[in-house]
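Just so it is clear, the structure is predicted and the values come from calculations on it, not from any experiment. Just so it is clear: chains get the letters A, B, ... in the order the sequence lines come, proteins before strands, and each one is counted from 1.
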Amino acid sequence: MIAEWLILVFLGIGIVFNTLGVIGLHRFPDVYTRMHAATKATTFGSVFTSFAVIAYAGATYLHTTDSQFITLGLHTVVAVLALALTNAVSSHALARAAHRSGIMPAPSVVDRLKEAGR
Amino acid sequence: MIPFILTFLFSLFIYLVLTAGSGDVGLWSVSELIAGVALSLLTAAIARKFLCRGENYRMANPVRLILIPVYIIGPFFLEVIRANLDVAYRVITGRIRPGIIRVSSGLQTDLGIFMLANSITLTPGTITVDIDESTQDLFIHNINIHPGDEGKQVIPARDLFAFSDLATWIRRIAE
Amino acid sequence: MIDLFSPAVLILVVLIGLCMVRLFLGPTPADRAVSLDTINTLTVAALIILGVIFRQIIFIDVAIVYALLSFVSTLYIAKYLGGEL
């Protein structure tokens with residue numbers, strides 16, 4: 001019973017943040033601000049939908065003691081770690097590439113990187 | 001020899017996590033254990049120079065390895081949750097003051113800078129764009145610069161976070 | 001318990017469709033790369049949930065490999081955009 005509420009809450013948080021990330025992808029004015037909404041908020045949302053799967057696996061294992069569900073939970077943990085680590089590096093690479101290819105932040109109050117001449 | 005053993009243990013750990021629940025010796029079957037040891041020996045022989053490139057084995061200290069999950073679950077996760085709510089607010093209302101600022105952290109080692117840059121990038125609202133390799137300063141795109149901060153040349157790293165100073169935690173772990 | 005997961009996958013697929021609008025519209029190549037990265041993240045989340053719905057653990061292994069391969073492809077797109085390739 002508690003597990004069902006936990007799964008519902010985790011799935012709800014995940015879906016809400018994924019939706020907000022995709023709305024921000026359409027709403028924000030330039031590529032850097034879109035990156036804030038799109039890549040970070042969807043990483044957070046996807047981590048929470050995966051937490052729902054981990055909670056489901058744990059609750060079902062306690063209910064049935066079938067070792068298949070331990071496998072499910074551990075593999076999901078590995079997938080979450082891979083997702084979080086790789087998303088940080090790839091969004092940094094995209095931001096750096098965008099700045100190098102000459103796309104400047106369109107509404108911006110200050111740009112120290114351009115002033116540093118790189 | 002030490003890089004070989006460390007790479008062997010690391011790849012054996014990943015193999016055991018991915019094959020847990022396959023049999024009845026603990027959680028694993030005998031054939032999976034034999035295959036895991038053989039494959040980890042092969043991986044360690046090929047890849048030992050990639051995991052341990054320096055001559056410095058500071059990170060093999062178990063206390064530092066235990067501090068990493070504590071750091072991720074504790075202060076870092078709180079910071080990510082607060083920043084996500086902040087970005088959600090900005091998506092709905094559209095009030096942004098974006099810009100690229102220069103942040104000085106005081107960390108010196110490559111691993112420390114790597115961990116700080118990754119923590120900053122995973123926190124919504126801040127992206128590490130580039131690094132000045134002579135002074136180890138980070139260039140960070142911030143979605144909402146505080147009024148008054150755009151005049152300062154260099155901003156200390158603790159001003160980026162609301163609850164705890166993540167740079168101090170990383171210095172404790174990696175330096 | 002399992003019937004909670006199906007509507008979540010449906011919403012995720014709708015969100016992937018919305019990202020494809022930005023992939024089509026995006027004024028600069030960097031916008032397209034960002035929306036492609038978002039599509040990859042959402043696909044991994046949808047694959048993990050589908051693994052529970054169909055009771056196939058292989059789906060989660062596929063999700064791990066998909067996350068790592070999409071990381072490599074995003075890095076190469078970024079290198080190409082930055083003029084380093």
Side-chain angles (χ1 to χ4, degrees), chain A residues 3-4 7-8 11-12 14-15 18-19 21-23 25-26 30-32 34-35 37-39 41-43 45-50 52-53 56-57 59-60 63 68-69 71-72 74-76 78-83 85-87 89-103, chain C residues 1-2 4-5 7-9 11-12 14-19 21-22 25-31 33-49 51-52 55 57-61 63-68 70-84:
Chain A
E4 263 183 57
I7 290 170
L8 190 62
L11 273 182
I15 291 295
N18 276 340
T19 313
V22 175
I23 290 173
L25 183 68
H26 285 270
D30 74 327
V31 61
Y32 299 96
R34 275 176 199 149
M35 213 177 288
T39 57
T42 53
T43 305
S46 304
V47 166
F48 264 91
T49 53
S50 306
V53 173
Y56 169 77
T60 321
H63 198 63
Q68 182 193 359
F69 290 101
T71 316
L72 180 68
L74 280 175
H75 284 216
T76 313
V78 174
V80 167
L81 286 181
L83 196 66
L85 281 177
T86 61
N87 258 319
V89 179
S90 66
S91 63
H92 154 69
L94 280 175
R96 183 164 173 267
H99 206 280
R100 286 199 165 207
S101 67
I103 305 165
Chain C
M1 230 189 287
I2 213 160
L4 290 174
F5 287 105
V9 168
I11 297 173
L12 283 179
V14 171
L15 291 180
I16 290 175
L18 283 176
C19 285
V21 176
R22 175 54 75 188
L25 288 178
T28 63
D31 284 304
V34 169
S35 83
L36 188 65
D37 198 41
T38 313
I39 289 175
N40 286 331
T41 310
L42 291 177
T43 309
V44 172
L47 269 176
I48 290 175
I49 300 178
V52 172
R55 297 185 175 282
I57 293 175
I58 193 82
F59 275 42
I60 305 194
D61 298 330
I64 297 170
V65 176
Y66 187 91
L68 297 175
S70 73
F71 166 61
V72 174
S73 76
T74 310
L75 276 192
Y76 266 89
I77 291 171
K79 266 194 176 300
Y80 172 68
L81 287 178
E84 294 173 61

Practice task
Could you pull out all residues at least two apart from C/Arg22 that satisfy salt bridge (Lys or Arg N to Asp or Glu O under 4.0 Å)?
Solution key: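 C/Arg22 satisfies salt bridge (Lys or Arg N to Asp or Glu O under 4.0 Å) with no other residue.
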When only pairs under 4.5 Å are counted, which of [options] shares the most heavy-atom pairs with chain C?
options	result
A/Val47, A/Leu85, A/Thr71, A/Asn87	A/Asn87
A/Thr39, A/Leu11, A/Thr49	A/Leu11
A/Gly102, A/Ser101, A/Gly14, A/Ser90	A/Ser90
A/Arg100, A/Gln68, A/Arg34	A/Arg34

Roughly how far, to the nearest 0.5 Å, is the [atom2] atom of [Y] from the [atom1] atom of [X]?
X	Y	atom1	atom2	value
A/Leu83	C/Leu68	CG	CG	9.5 Å
C/Cys19	A/His26	SG	NE2	6.0 Å
A/His99	C/Leu81	NE2	CG	14.5 Å
A/Ser46	C/Ile49	OG	CD1	8.5 Å
A/Ile103	C/Asp31	CD1	CG	7.0 Å
A/Glu4	C/Leu4	CD	CG	6.5 Å

Check [X] against [Y] and note the closest heavy-atom contact, atom names and distance.
X	Y	value
A/Ala79	C/Ile48	CB-CD1, 3.9 Å
C/Ala30	A/Ala98	CB-CB, 4.0 Å
C/Asp61	A/His75	OD1-ND1, 2.6 Å
A/Ile15	C/Ala8	CD1-O, 3.8 Å
A/Leu72	C/Ile60	CD1-CD1, 3.2 Å

Could you tell me which portion of [X] (side chain, backbone, both or neither) has an atom closer than 4.5 angstrom to a non-hydrogen atom of chain A?
X	answer
C/Thr41	both
C/Pro27	side chain
C/Leu18	both

Exercise for the section: Only counting residues at least two apart or in another chain, list the ones meeting side chain to side chain contact (heavy atoms under 4.5 Å, CB included) with C/Ala46. Expected result: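 Only C/Leu12 meet the side chain to side chain contact (heavy atoms under 4.5 Å, CB included) criterion with C/Ala46.
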Exercise for the section: Please flag which part of A/Phe69 lies under 4.5 Å from any non-hydrogen atom of chain C: side chain, backbone, both or neither. Expected result: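 Only the side chain of A/Phe69 comes within 4.5 Å of chain C.
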Problem - Proximal component of A/Leu25, with respect to chain C [non-hydrogen, under 4.5 Å] - result: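 Both parts, backbone and side chain.
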Practice task
Run through C/Ile16, C/Val21, C/Ile39, C/Leu15 and flag the one making a side-chain contact (heavy atoms from CB on, under 4.5 Å) with A/Val22.
Solution key: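 So, applying the side-chain contact (heavy atoms from CB on, under 4.5 Å) to A/Val22 and each of C/Ile16, C/Val21, C/Ile39, C/Leu15, only C/Leu15 qualifies.
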